[in-house]
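We name chains A, B, ... by the order of the sequence lines, and we start the count at 1 in each one. Computed from heavy atoms alone, side chains included, the values below leave out hydrogens, waters and symmetry copies.
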Amino acid sequence: MTSVRDVAADFPLLGRTVRGGKRLVYLDTGATAQKPAAVLEAERRFNTESNAAVHRGAHQIAEEATEAYEAARAAVAQFVGADFAEIVWTKNATEALNLVAYGFLNATLGRGGAEAEQFRLAPGDEIVVTELEHHANLVPWQELAAKTGAVLRWIPVTDEGRLDPAGFEVIGERTRIVAFTHASNVTGAVTDVAPLVQRARSVGAYTVLDACQSAAHLPIDLHCLGVDFAAFSGHKMLAPTGVGALYGRAELLDAMPPVLTGGSMVEIVTMEETTFMPPPQRFEAGTQMVAQTVGMHAAVDYLSELGMDRMAAHEHRLTQLMLEGLAEIPEVRVLGPASAEDRLAVAAFDVEGVHPHDVGQVLDDDGIAVRVGHHCAQPVHRAFGVHASTRASAGIYTTEADVEAFLAGLRRVVQFFRGG
Amino acid sequence: MTSVRDVAADFPLLGRTVRGGKRLVYLDTGATAQKPAAVLEAERRFNTESNAAVHRGAHQIAEEATEAYEAARAAVAQFVGADFAEIVWTKNATEALNLVAYGFLNATLGRGGAEAEQFRLAPGDEIVVTELEHHANLVPWQELAAKTGAVLRWIPVTDEGRLDPAGFEVIGERTRIVAFTHASNVTGAVTDVAPLVQRARSVGAYTVLDACQSAAHLPIDLHCLGVDFAAFSGHKMLAPTGVGALYGRAELLDAMPPVLTGGSMVEIVTMEETTFMPPPQRFEAGTQMVAQTVGMHAAVDYLSELGMDRMAAHEHRLTQLMLEGLAEIPEVRVLGPASAEDRLAVAAFDVEGVHPHDVGQVLDDDGIAVRVGHHCAQPVHRAFGVHASTRASAGIYTTEADVEAFLAGLRRVVQFFRGG
Amino acid sequence: MSSAMQQLYQQVILDHSRQRSGYGELDQPQGESFQVNPTCGDECRVQVRLDGRRLGQLGWTGRGCSISQASLSIMHEMLEGESIDDAEELGELFRELMHARGKELEPQKQEQLEDLSAFTGVAQYPARIKCALLGWMALRDAIIQAQHG
Amino acid sequence: MSSAMQQLYQQVILDHSRQRSGYGELDQPQGESFQVNPTCGDECRVQVRLDGRRLGQLGWTGRGCSISQASLSIMHEMLEGESIDDAEELGELFRELMHARGKELEPQKQEQLEDLSAFTGVAQYPARIKCALLGWMALRDAIIQAQHG
Ligand SMILES: Cc1ncc(COP(=O)(O)O)c(C=O)c1O
Ligand SMILES: Cc1ncc(COP(=O)(O)O)c(C=O)c1O
């Protein structure tokens, strides 16, 4: 077994320096992860050996491309505990979440026939989201509500930045969809999925899980979790940019009308009308991000080999270090649970009287890459009474030395802007 | 200047062998192009040096990533004769065409406010397409029509597989959208865009150009062509899979409501509602295919350096060779114009009494990669009275020797299935 | 022609693709199924009339490559008049062959396949497996329909 | 602190970000403009009252980083009471500085910028240019509104 100390060596970018020769301390994995050489190499090999249109050619390279593409689907399905045909490739998690929302819209507009009637929304139907959501799992539902006359309701967060179980009662009779995050990219809080799924099921609502952060940092099993739909992005899980996936329970994808339409997802096309293929093809219109799916295959292989459990344990230790260190700086307020339990290695925080831009700039000058802003989650920032924050987020390649460098840098920031 | 004979050496995949050591003759560029080393190298360099979330971080790598991403947009805009903010990244051309169709749908459902009213469709409004279209520029309009009550009409093809100018008269008073291909991926026919744009304008209809094949093989200038929207795919133009673009005239993109929603395309998000950024960001929700846009930048640089004019001239010569050779085989009927004028180096054809699958299989055994089937364009095949065809399509790296190998192989096919 | 192609396009396949046994519509089918191969748009329609537990009549129409046409033609030759159980068994065996990636099955199975053993080479070409199986998917469906419809 | 940071966060910037000149709403603004930096959600509102061709009163509110706050504060100090033409000229000059990638402008321009020349280092950080310019976009809009609204 590779020790975690060795892992960083697998990531070529981490060897670079920044700002005039400073060692890079990359703490922006929550935004996008770096990629191990194995992933880049798998993509390169595909591009130099087997690149061709999939599901289309009779020639050898097309056969190889098709096999690589579908093998990637099988690997990703297994990685998240889904069946092969339950995984639809998308360009990112955002597209996957939109795909579900537009599936409901299209059904509401009469597409998809009798089977799709289950997805029709009527004015006054309710869609429940949470205050913790990334904009990707909020705005598509606002839009769907506005177009269908459905009403958007939400579960509030606690002072610690977790979903407030008392708020689950907004899920009621008229609730048709419950969309919620598995892990917050701001507070790091990991959601206890079971009670939400249970409550949604008891009122006959569909569940949509934003697994963007969780699939990247925790072992996950979608069948076990029992959600109806889930979305995640390759680039957060060591895979290339440009690829993500939608999970949908087999019988739901079967019944859902397509969203993007075009080549490779049709059966018979006349000028007048078109019949569609079964899922997952029905949702994969046009030439797909084939090389990137191959990269994602290599990424989940890499993660599986390291072991998601070990990775989660390593990151848990980093979370503790980070939270302990931050707690020692009086000017710092962490936006999220103070304890590392059920929490990702993500720490968003406010520095009293210092704007996040300024915090990030000075850290950057030390080679420490963090993110500043609202991290695509304005509502949860508003809930904490701030507008923006600085966020340090770790990955499998992050070391304790990285966290210590960050904490030392942050103390210098406070000193610079507040001290003197 | 590199001679065309040298060009193939830039493409690593073309050096491989297939089916037990046979030289690869890749004639499936119409489906997807191979990638020069320069493109793969640009992507690799980005991934090992500058990979980060764009428009989001304050750190150096994020700055570099943002610069690379927007420089790619500028390069692609210039390559197709558009302004910077008129280019929206998509995963492929299919998504780009769907984006326009959903823009109209969302406007029709009341999104986008007063500015977007111009895109609202009413029952009985007409959408005009052509019989030549790839499914990507047909099915999205069928769907839009079905959802809005608009009526789909179409321009038929001539016996040669060109748009029939007599059919332009379907564009009339009620026409709101005219969607047509710049070059057919089956017949190779290049559309004379001006009269169509003129007629569409005269009735106040929007034009949508499928530039998927043309942007890959001809010099194009979208401002000159005067269309309102256009779509193209990177993977057909030597760029990686997973990236494409939508072009929209600045004032139209400005007025169009967003389609995919989520992070990086919003201004203010509350739980109740959201305001959106101006284009192009408004249409780029979530983490984009950044590394692939960098690859696309390298691809258009590579093409520009070779010169699109020279490339078109080279391909024109190949078209002539192919058409002459095919005309000499009595059993072969070409689905498309007999002359190489205004025609891409794409030859789809029928071999009397031999099914395309069988044609392709035997060619493949000789190392010749062609495509068989309906090439995502069933209606034009139906117009020719066939169900499927075999298609050989060339690219900048295709040599005369490739075309000759193909013609010789095809003669063997005919001999095998018909001769003995 | 290379030996690979000669193995793929065995004479029995070429013959059956030209002289198609059982091609045509039945008068009063009890079950029928229409199948499309979306990759290429090839189609077939298989119709059956049952005679107790036997396939009294079996007819088919459609268009496709030599592999798909020969597969349907041989299917007709081997199964018309035979029992539904035999049809199911042979179908299973053929599916097994098609997923064997070009390897022969055990000798006894290979024997049972009779003319269908000519398709052994097809299984090396993933894109063609669907061609060979299309008719058999339709047959299974048509029988179910005739039994329950 | 590194010299790069010292160049970026010059004392005049730190001072102005703490002691913000002109912060507050006007009583009866003739023009106002609200601007958001969507990357970070920072906002500012600039209000003006004209006195002929002069900026009789200029006020601003909002939240942002030290760069954006200092920029607004210095803008107020340099422009309140000055002519619209001067405001436009200074705005143009400041934009030029922000697009100079950290290089100084010609000495005479640099002099004209007065305290704003402290922002020279900001132009090395693409993500921060928007912060420095946000208030100036708002000012331009607010003046147009006051003139035509
Ligand atoms: C003419 C034409 N239009 C549209 C498309 C769709 O492009 P993509 O599959 O890259 O979305 C293609 C290629 O498949 C094409 O050839
Ligand atoms: C919790 C969460 N959901 C959704 C997303 C959206 O993912 P993407 O931008 O890859 O579509 C992200 C990342 O940005 C995220 O952290």
Nearest 0.5 Å, what's the CG-CG distance between Leu40(A) and Leu40(B)? 12.0 Å
What distance separates Thr261(A) OG1 from Asn137(B) CG, expressed to the nearest 0.5 Å? 10.0 Å
Toward chain A, the part of [X] with a non-hydrogen atom under 4.5 Å:
X	value
Val243(B)	neither
Phe11(B)	neither
Val18(B)	both
Leu24(B)	side chain
Leu105(B)	side chain
Ala33(B)	backbone
Thr148(B)	neither
Asn92(B)	side chain
Thr17(B)	neither

Select one option (side chain, backbone, both, neither) describing which atoms of [X] are under 4.5 Å from chain B's heavy atoms.
X	result
Gln142(A)	side chain
Ser233(A)	neither
Thr130(A)	backbone
Val269(A)	both

Among all residues two or more places apart in sequence or in another chain, which pass the ring pair (Phe, Tyr, Trp, His ring centres under 6.0 Å) test with Tyr102(B)? Tyr102(A)
Taking the side chain as everything from C-beta on, heavy atoms only, tell me whether [X] gets closer than 4.5 Å to [Y].
X	Y	answer
Pro240(B)	Met289(A)	no
Gln292(B)	Gln292(A)	yes
Asp28(A)	Ile61(B)	no
Ser264(A)	His135(B)	no
Lys91(B)	Glu95(A)	yes
Met271(A)	Val129(B)	yes
Val290(A)	Thr32(B)	no

Among the listed options [options], the residue most often paired with chain B at heavy-atom distances under 4.5 Å:
options	result
Ala101(A), Ser50(A), Gly15(A)	Ser50(A)
Ile268(A), Asn51(A), Asp365(A)	Asn51(A)
His375(A), Lys236(A), Glu273(A), His357(A)	Glu273(A)
Thr274(A), Thr287(A), Val266(A)	Thr287(A)
Ala377(A), Pro379(A), Gly373(A), Gly244(A)	Pro379(A)
Ala285(A), Ala31(A), Ala37(A), Pro12(A)	Ala285(A)

Measure from the side-chain N and O atoms of [X] to the backbone N and O of [Y], and report whether any donor-acceptor pair falls under 3.5 Å.
X	Y	result
Asn47(B)	Pro36(A)	no
Glu43(A)	Arg44(B)	no
Gln288(A)	Thr241(B)	no
Asn98(A)	Leu260(B)	no
Gln378(A)	Thr270(B)	no

Run the salt-bridge test on Arg111(B) and Glu143(A) with the 4.0 Å N-O cut-off and return the result as yes or no.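 Answer for the salt bridge query: yes.
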Are Glu272(A) and Arg382(B) ion-paired here, with the side-chain N under 4.0 Å from a carboxylate O?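 No, this pair does not count.
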I need the minimum non-hydrogen distance between His59(B) and Ala369(A), along with the two atoms involved.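 In terms of heavy atoms, the two residues are closest at CG-CB, 3.3 Å.
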Any donor-acceptor pair under 3.5 Å linking the side-chain atoms of Gln60(A) with those of Asp364(B)? no
